[in-house]
Amino acid sequence: MPAEWEPHLQTWMIWPERTDNWRNGARPAQAAFAVVARAIAAFEPVVVGASPRQFASARQCLAGEPTAHPIRVVEIDNDDAWCRDTGPTFVVNDKGGLRGIDWMFNAWGGTNGGLYRTWLRDDAVAAQITALVGVERYRTDGFVLEGGAIHVDGEGTLLTTEACLLQPNRNPSFTRSGIEAMLREYLSIDRVIWLANGIVNDETDEHVDNICCFTRPGEVLLAWTDDVTDPQYQHSQAAQARLGEATDAKGRRLKVRRLPLPAVTHASAAEYATVERGDAIPRAASTRLAASYINFYVCNGGVVVPAFDDPMDDIAANIIADCFPTRQVVQVPGREILLGGGNVHCITQQQPRPLRFI
């Protein structure tokens with residue numbers, strides 16, 4: 001699995017539509033997704049999968065101001081719009097080959113804590129995308145994983161959290177060593193670095209892509225708060241301690257940079273008032289939202305970063321820009337996506353450029 005900052009052929013997204021997860025008939029979410037798609041299309045092509053019910057609407061919403069690279073809409077049936085978790089994890093080899101890993105998906109917990117009751121269409125998204133790309137796929141029958149639960153450095157090291165991968169609602173028959181063996185087999189990694197937790201109240205069971213990510217081999221960004229009264233303080237402190245003790249697959253000690261979190265924020269009653277009752281779990285007003293700037297997306301020549309109308313927005317963007325000095329940082333509004341349970345990284349999936357074309 002290449003690192004996210006390695007060259008991409010294009011980015012995949014899924015169009016939001018379910019009205020029991022997104023407010024006001026999903027229209028504000030669709031507008032937010034369109035902003036993200038256009039931001040990425042300044043740097044590389046974007047393909048947006050929309051259900052047959054939303055295909056025409058997605059094309060209309062994504063049409064408008066021209067972008068440097070095309071935004072294409074294709075038909076992909078789905079249950080919700082989290083392409084990081086339902087799309088394929090692409091892998092390459094040194095002969096120019098590209099294939100997709102089709103992880104089993106159970107809506108972040110199945111019948112034991114999952115976020116909606118039926119997920120068969122989401123479990124088929126990776127197969128649909130690999131078919132459209134025209135590459136073979138590896139189906140991990142018997143092993144559940146979401147793409148947001150892992151980050152790699154492209155040189156054999158993988159980051160993840162115990163809170164997610166050791167949850168009994170994913171792979172109850174797998175031990176820690178068994179999970180590591182699966183990750184090695186499918187991703188060709190050599191070292192797994194386990195953090196205990198992610199971001200407080202992250203309903204994915206604390207995906208790593210919300211708390212920590214590689215910015216280059218040997219260097220990571222870690223979501224951070226200095227507020228000792230915030231339960232996130234203990235999570236971030238513990239993560240820093242583990243990262244400080246860890247070495248990567250090449251034997252390097254990791255350089256850890258802190259990325260401040262926005263102020264603790266909650267959903268309002270008005271924001272969730274128009275979310276319909278349905279198969280998705282209901283969210284209560286005043287729910288703490290798992291806002292984090294770590295949930296950014298690296299594309300060809302750019303980094304797309306969520307903003308929350310918070311004093312930390314520009315501070316975080318500047319730190320990220322310092323980590324990626326050859327890329328342009330673009331801020332996009334993140335709250336609307338956050339209300340649905342994730343952010344920019346969660347709704348994107350990179351398709352790497354095969355090595356023979358680099």
Side-chain angles (χ1 to χ4, degrees), residues 13-33 35-36 51 54 78-86 105-119 121-123 146-149 161 163-164 167 169-170 197-211 223 225 230-232 235 261-295 306-310 332-348:
M13 298 175 64
I14 301 292
W15 193 245
E17 66 173 281
R18 65 180 306 151
T19 56
D20 59 356
N21 187 58
W22 304 101
R23 69 190 183 118
N24 290 337
R27 289 182 295 277
Q30 290 169 354
F33 275 53
V35 170
V36 173
S51 75
Q54 284 286 320
N78 62 83
D79 292 300
D80 208 358
W82 307 105
C83 197
R84 177 65 50 182
D85 293 344
T86 62
F105 178 77
N106 71 351
W108 308 276
T111 58
N112 179 22
L115 301 185
Y116 36 85
R117 287 195 287 267
T118 58
W119 54 81
R121 289 181 295 193
D122 266 357
D123 193 35
E146 303 97 37
T161 65
C164 180
Q167 273 281 344
N169 62 13
R170 301 302 206 282
N197 294 99
I199 295 295
V200 168
N201 214 37
D202 184 341
E203 61 191 31
T204 64
D205 294 317
E206 302 176 27
H207 274 179
V208 78
D209 74 347
N210 223 19
I211 187 171
T225 179
D230 185 344
Q232 183 60 44
H235 287 197
L261 287 161
V264 174
T265 185
H266 299 81
S268 69
E271 286 174 320
Y272 281 153
T274 58
V275 177
E276 299 176 2
R277 293 285 181 173
D279 283 343
I281 61 163
R283 294 189 180 89
S286 299
T287 297
R288 175 172 173 160
L289 301 173
S292 171
Y293 301 111
I294 293 288
N295 210 286
F308 304 103
D309 195 22
D310 185 279
V332 295
R335 186 172 181 89
E336 202 64 49
I337 307 170
L338 181 62
L339 289 169
N343 230 290
V344 174
H345 195 257
C346 304
I347 66 172
T348 53

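If you're wondering where the values come from, they're calculated on a predicted model, not measured in any experiment.
Within the 3.5 Å criterion, the main-chain N or O of P282 finds no donor-acceptor partner in the side chain of Y272. Side chain of N169 to backbone of N112: a donor-acceptor contact under 3.5 angstrom is found. With T225 contributing its side chain and Q232 its backbone, the two residues share no donor-acceptor pair below 3.5 Å. Side-chain atoms of N24 do not come within 3.5 Å of backbone N or O of R27 as any donor-acceptor pair. D85 places a side-chain N or O within donor-acceptor distance of the main-chain N or O of G148, the cut-off being under 3.5 Å. The closest donor-acceptor contact from the side chain of D205 to the backbone of Q167 lies at 3.5 Å or more, if one exists at all. When atom types are taken as modelled, the side chain of N210 and the backbone of I199 share no donor-acceptor pair closer than 3.5 angstrom. Here the side chain of D20 pairs no donor or acceptor atom with the backbone of R277 at under 3.5 angstrom. Without hydrogens or angle criteria, Q54 side chain to S51 main chain gives no donor-acceptor distance under 3.5 Å.
Taking a cutoff of 4.0 Å between a charged side-chain nitrogen and a carboxylate oxygen, R23 and E336 qualify as a salt bridge. One finds a salt bridge joining E203 and R283 here, because a Lys/Arg side-chain nitrogen approaches an Asp/Glu carboxylate oxygen to under 4.0 Å. With respect to the salt-bridge test (charged N to carboxylate O, under 4.0 angstrom), the residues R288 and D202 do not qualify.
Here the CG atom belonging to L289 is positioned 5.5 Å from the OG1 atom belonging to T265, to the nearest 0.5 angstrom. How far SG of C164 is from CD of E206: 9.0 Å, rounded to the nearest 0.5 Å. With values rounded to the nearest 0.5 angstrom, D123 atom CG is found 12.5 Å from R121 atom CZ. Once rounded to the nearest 0.5 Å, the distance linking CG of D209 with CG of N295 reads 5.0 Å.
Proximity of D279 to R18: side-chain heavy atoms (C-beta onward) are separated by under 4.5 Å at one or more points. You'll find the side chain of N197 stays beyond 4.5 Å of the side chain of T161, heavy atoms only. You'll find the side chain of Y293 stays beyond 4.5 Å of the side chain of L261, heavy atoms only. A heavy-atom distance below 4.5 Å is found between the side chains of V332 and V344. Using a 4.5 Å heavy-atom cutoff, the side chains of N21 and D80 are in contact. Side-chain contact between M13 and V36: present, with at least one pair of heavy atoms (C-beta onward) separated by less than 4.5 Å. With contacts defined as side-chain heavy-atom distances shorter than 4.5 Å, the pair I14/W82 does not qualify. Using a 4.5 Å cut-off on side-chain heavy atoms (C-beta onward), T348 and R84 make contact.
Checked by atom type, the side-chain pair D122/T86 shows no donor-acceptor distance below 3.5 Å.
Checked against the 6.0 Å centroid criterion, the rings of W108 and Y116 qualify as a close aromatic pair.
Take D310 and apply the salt bridge (charged side-chain N to carboxylate O under 4.0 Å, His left out) test, not counting sequence neighbours, and it matches no residue. Applying the ring pair (Phe, Tyr, Trp, His ring centres under 6.0 Å) criterion to H235, with sequence neighbours excluded, gives no partner residue. In terms of the salt bridge (charged side-chain N to carboxylate O under 4.0 Å, His left out) criterion, residue partners of E146 (sequence neighbours excluded) are, by chain and number, R170.
Among all heavy-atom pairs drawn from S292 and A223, the shortest one is OG-CB, 4.1 Å. For the pair W119 and T111, the tightest heavy-atom approach, listed with the atom from each and the gap, is CH2-N, 4.1 Å. Contact record, A291 with P262: CB-CG, 3.7 Å, taken as the closest heavy-atom pair. The nearest pair of heavy atoms linking G334 to P306 is CA-CB, 4.2 Å.
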Residue pair W22, W15: steps toward the ring pair (Phe, Tyr, Trp, His ring centres under 6.0 Å) verdict: CA-CA 12 Å; W22 304 101; W15 193 245; over 10 Å; no

